[in-house]
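Naming convention: chains lettered A, B, ... in sequence-line order (proteins, then strands); numbering from 1 in each chain.
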Amino acid sequence: MSVESSNAPNFLSNQIREEISNGQTQHIVTRFPPEPNGFLHIGHAKSIWVNFSLAEQFGGRCHLRFDDTNPAKEEEQFVQSIQQDIQWLGYRWSGEVRYASQYFDQLYEWAIHLVKQGLAYVDDLSAEQMREYRGTLTEPGRPSPYRERSVEENLDLLERMATGEFGEGEKVLRARIDMASPNINLRDPVLYRIRHAHHHQTGDKWKIYPSYDFAHGQSDAIEGITHSICTLEFEDHRPLYNWMLEHLPVPARPRQIEFARMNVNYTVTSKRKLRLLVEKGIVNGWDDPRMPTISGLRRRGYTPASLRHFCEMTGVARSANVVDIAMLYSAIRSDLEENAPRAMCVLNPLKVVLTNVAEDHEEQIEAAGHPAREDMGTRILPLARELYIDADDFMEEPPKKFFRLAPGKEVRLRNAYVIKCDEVVKNDDGSIKELRCSVDFDTLGANPEGRKVKGVIHWVSAEHGVPVEVRNYDNLFTVEAPDKFKDEQEFLANLNPESLSVTEGIGEPSLRDAQPEDHFQFERVGYFCADRFDHGDNGKLVFNRTVSLKDGWAKAQKKAAQAGQQG
RNA sequence: UGGGGUAUAGCCAAGUGGUAAGGCACCGGUUUCUGGUACCGGCAUUCACAGGUUCGAAUCCUGUUACCCCAGCCA
């Protein structure tokens, strides 16, 4: 199955197509505007996909612009990690990386312009006072006592704010719009605030920094953005976005369009909660394979194509949504089913002795790298007298329809022979020590005579197998909507204690050649990815479970158990 | 309660007056040296609800309900 884009229609592409057909739009320019104050997560991936794929679809361009108007919260490390994540996802922005901070000079000029028009004023109210004056959802606000300052005084004060004469919080520049507007965002929003902070791009040049509302639309206009796509919570800001463009001599008139942000169940994307998980040591950093960050997903073994496909399959609309994480699993499985080479790895070893194989016997079996892809070549599977199979693949007293190994039963060793279990050898405590089996030598690449062996199990030669560390990952939360908990304790009470379990397994020898970030399907088990950082350290082989294979047998067993309980 | 939005299956989602796409999940079956994959079939007589217009309504009109967002000098 292909995981590449088929450009399913959505309300954004429909609208742009219509604009192009009626001549309203000639070309399109979009932008992805992250604030460099944290790591990108799966929700950002959606926004990246929306902006880049729309531009691509209509032969336009997409810019990367850091929305860096708040030096108190931003860091250079994030401007680096964000660029890496975008590139890893497979996107290249048009031109150089841009920063809203590049436009600070222009923005400041425009602030002066507004003041001169009588459309902005310097306010001395404290933050608390401003809140009181703003009114409530149902009551109009009241004008600040400083609202009627003269243009001259405002100009003077603004300049002195900019030169650092006042302390943080002493004054702000506000737009003069309407303190009684039913839209609270229009009740004289703050345009500039004083911050005596070092900025990662502009250093110590500025003492005042523009607010989002004063920077975003103008930055879009400067860059010639045609479609400024953002999430629904900015809808109430659109009148303000347009107000700025109407009252300023901007070079272009971009339009803001909102879409619903994507949520995924069994995970969180709130920055505060993500940070809490890292700081409390619940996960091992921002790129822990359980994190929904792009770097975490990457380390877990998600591929760029699978993430793009996931974005596409979940669509773009305006209704609040919570996507089932099963869709994410589906996206990565379909990519890896096609593109991951196969290997065998025993996670829970049970020794098997092949009694009719000589002590010194050793043979090399050639197996396909992928059952449907000759281009993936072959690998060698050594076979000798002793081997390991997974303990789950043997049952002393099997239920009906158990197609694996059991006393007196036959099973096929994947890519090799059919064997029969002749004897179960036990330890003193009654646990199983090993299985003694006999090989049917006529079954290599051939079906046995006169009977059908339905089961196929994976195995690894005891002498040749290589030890591997396998990290099995699962959802971080046991509840569908962990984001709904506001209280920290309540939130943390829903962590999945089994989100990580590490086991020592035995892999086929070819796994020794695996490079960090190589993907594999461990046959009959799941998809795994050699850890980006730990794999290969001191010769240790470390594999992360990206996602398990679907398990029809487990599902049937579970259903049978439930039916048994009820009946 | 003021303003702004959204309601189509368990979850996403197309559909814009002509008789409910697709995907995920789920349920059957076929194939299979992965209980995987692939393939075949099933899964909304109805689109939040109630009226109305129309030959015909998820789409238009009226009303109602539910849910989401907004009272940072965050974005």
Just the rounded figure in Å: distance from P of C33(B) to CG of Asp440(A).
16 Å
Just compare U1(B), A75(B), G3(B) and give me whichever is closest to any side-chain atom of Thr138(A).
U1(B)
Which distance, rounded to the nearest 0.5 Å, do you find between the NE2 of His370(A) and the CD of Glu338(A)?
7.5 Å
Does Asp236(A) reach a base, just sugar-phosphate, or nothing at all? Heavy atoms under 4.0 Å.
base
Atom CG of Asp393(A) to atom P of C33(B): distance rounded to whole Å?
18 Å
Is there a donor and acceptor pair, one atom on the side chain of Asp551(A) and one on the base of G35(B), closer than 3.5 Å?
no
Using the ring of each side chain (for Trp, its six-membered ring), is His199(A) parallel, tilted or perpendicular to Tyr209(A), with breaks at 30° and 60°?
parallel
Work out how far the C1' atom of A66(B) is from that of A50(B), and round it to whole angstrom.
15 Å
Looking at every strand, decide which applies to Phe234(A) at a 4.0 Å heavy-atom threshold: base, sugar-phosphate, or nothing.
base
Within the 4.0 Å heavy-atom criterion, would you say Ser126(A) contacts the bases, only the backbone, or no part of the nucleic acid?
base
Treating Tyr212(A) as the side-chain partner and Asp67(A) as the backbone partner, does any N or O pair qualify as donor plus acceptor under 3.5 Å?
no
For the backbone of Ala416(A) and the side chain of Arg412(A), can you confirm whether one donor and one acceptor N or O come within less than 3.5 Å of each other?
yes
Euclidean distance, atom CD of residue Glu337(A) to atom P of C39(B) [Å, nearest integer]
11 Å
Any donor-acceptor pair under 3.5 Å from Trp459(A) side chain to Arg414(A) backbone:
yes
Over how many whole Å does the gap from Asp335(A) atom CG to U37(B) atom C1' extend?
14 Å
Is there, by distance only and without an angle test, a donor paired with an acceptor across the side chain of Arg333(A) and the base of U37(B) below 3.5 Å?
no
Pick the C1' atom in U53(B) and in C60(B), then give their distance to the nearest Å.
8 Å
I'd like to know if the side chain of Asn265(A) reaches the main chain of Ala481(A), judged simply by a donor and an acceptor atom lying under 3.5 Å from each other, with no hydrogens or angles considered.
no
Which residues, if any, of residues 157-169 of chain A bring a heavy atom under 4.0 Å of RNA chain B?
Gly169(A)
Now, which nucleotide makes the Watson-Crick or G-U wobble pair with C67(B), with each of the two distances under 3.5 Å?
G5(B)
Are any of Arg193(A)'s side-chain N or O atoms less than 4.0 Å away from OP1 or OP2 of C74(B)?
yes
Tell me what Arg174(A) touches on the nucleic acid: a base, only sugar-phosphate, or nothing, going by heavy atoms under 4.0 Å.
nothing
Take atom CG of Asn183(A) and atom P of G5(B), then tell me their distance rounded to the nearest Å.
10 Å
Give Ala554(A) one of three labels, base, sugar-phosphate or nothing, depending on what nucleic acid heavy atoms sit under 4.0 Å from its own.
nothing
Out of G3(B), C33(B), A75(B), which has the shortest distance to the side chain of Arg412(A)?
C33(B)
Backbone N or O of Asp440(A) within a donor-acceptor pair of the Asp442(A) side chain at under 3.5 Å?
no
Would the distance check show the side chain of Glu337(A) and the main-chain N or O of Arg333(A) forming a donor-acceptor pair, the cut-off being under 3.5 Å?
no
Taking atom CD of Glu374(A) as the centre, does the number of heavy atoms from other residues, nucleotides or ligands within less than 6.0 Å exceed 12?
no
So Phe402(A), base contact, sugar-phosphate only, or nothing? Heavy-atom distance under 4.0 Å.
base
Given side chains that start at C-beta, do those of Thr267(A) and Asn475(A) come closer than 4.5 Å, heavy atoms only?
no
When we call it a touch if two heavy atoms are under 4.0 Å apart, what does Glu523(A) touch: a base, just sugar-phosphate, or nothing?
base
Nearest heavy-atom pair of Thr30(A) and Asn51(A): which atoms, and what distance?
OG1-O, 2.9 Å
Any Asp68(A) side-chain heavy atom under 4.5 Å of Val79(A) side chain:
no
Need the pair for A50(B). Rule: Watson-Crick or G-U wobble, both distances under 3.5 Å, any strand; none if unpaired.
U62(B)
Has Ser53(A) got a side-chain atom pairing as donor or acceptor with Trp49(A)'s backbone, closer than 3.5 angstrom?
yes
Taking atom P of G72(B) as reference, at what distance in whole Å does atom OH of Tyr133(A) sit?
16 Å
Per atom distances to the Asn70(A) side chain, the nearest of G5(B), C74(B), C73(B) is C74(B)
Counting any heavy atom closer than 4.0 Å, what does Asp67(A) reach on the DNA or RNA strands: base, sugar-phosphate only, or nothing?
sugar-phosphate
Scan every strand shown for a Watson-Crick or G-U wobble partner of A13(B), both distances under 3.5 Å, and answer none if you come up empty.
none
Tabulate atom names and distances for all N/O pairs under 3.5 angstrom spanning the protein and nucleotides 27-32 of chain B.
from: C27(B); atom 1: OP1; to: Lys559(A); atom 2: NZ; distance (Å): 3.4

Within the structure shown, what part of the strands sits under 4.0 Å from Arg238(A) by heavy-atom distance: base, sugar-phosphate, or nothing?
nothing
If you assign each of Lys550(A) and Ala127(A) to its closest nucleotide in RNA chain B, which residue comes earlier from the 5' end?
Lys550(A)
Should G28(B) be called syn or anti, with syn set as within 90° of 0?
anti
Do Asp220(A) and Tyr241(A) have side-chain N/O donor and acceptor atoms under 3.5 Å apart?
yes
Any donor-acceptor pair, under 3.5 Å, between the side chain of Gln521(A) and the base of U34(B), if you only look at N and O atoms?
yes
Provide, to the nearest angstrom, the distance between the CZ atom belonging to Arg272(A) and the P atom belonging to G72(B).
18 Å
Across the strands shown, which category fits Gly445(A) at heavy-atom distances under 4.0 angstrom: base, sugar-phosphate, nothing?
base
May I ask you to say what Pro140(A) touches in the nucleic acid, namely base, sugar-phosphate or nothing, with a heavy-atom cut-off under 4.0 Å?
nothing
Please report, rounded to the nearest Å, how far the C1' atom of A71(B) is from the CD atom of Glu233(A).
16 Å
Reading nucleotides 9-17 of chain B 5' to 3', which nucleotides get B (base under 4.0 Å from a protein heavy atom), which S (sugar-phosphate only), which -?
--BSSSS--
Is Trp553(A) stacked on the base of G35(B) when the test is centres under 5.5 angstrom and planes under 30 degrees?
yes
Rounded to the nearest 0.5 Å, how far apart are NZ of Lys409(A) and CZ of Phe394(A)?
10.5 Å
Would you classify His237(A) as touching base, sugar-phosphate or nothing, given that sugar-phosphate means primed atoms plus P, OP1 and OP2, and contacts are heavy atoms under 4.0 Å?
base
In the structure shown, which nucleotide is the Watson-Crick or G-U wobble counterpart of C26(B), with both distances under 3.5 Å?
G42(B)
By the 4.0 Å heavy-atom rule, please label Leu125(A) as base, sugar-phosphate, or nothing.
base
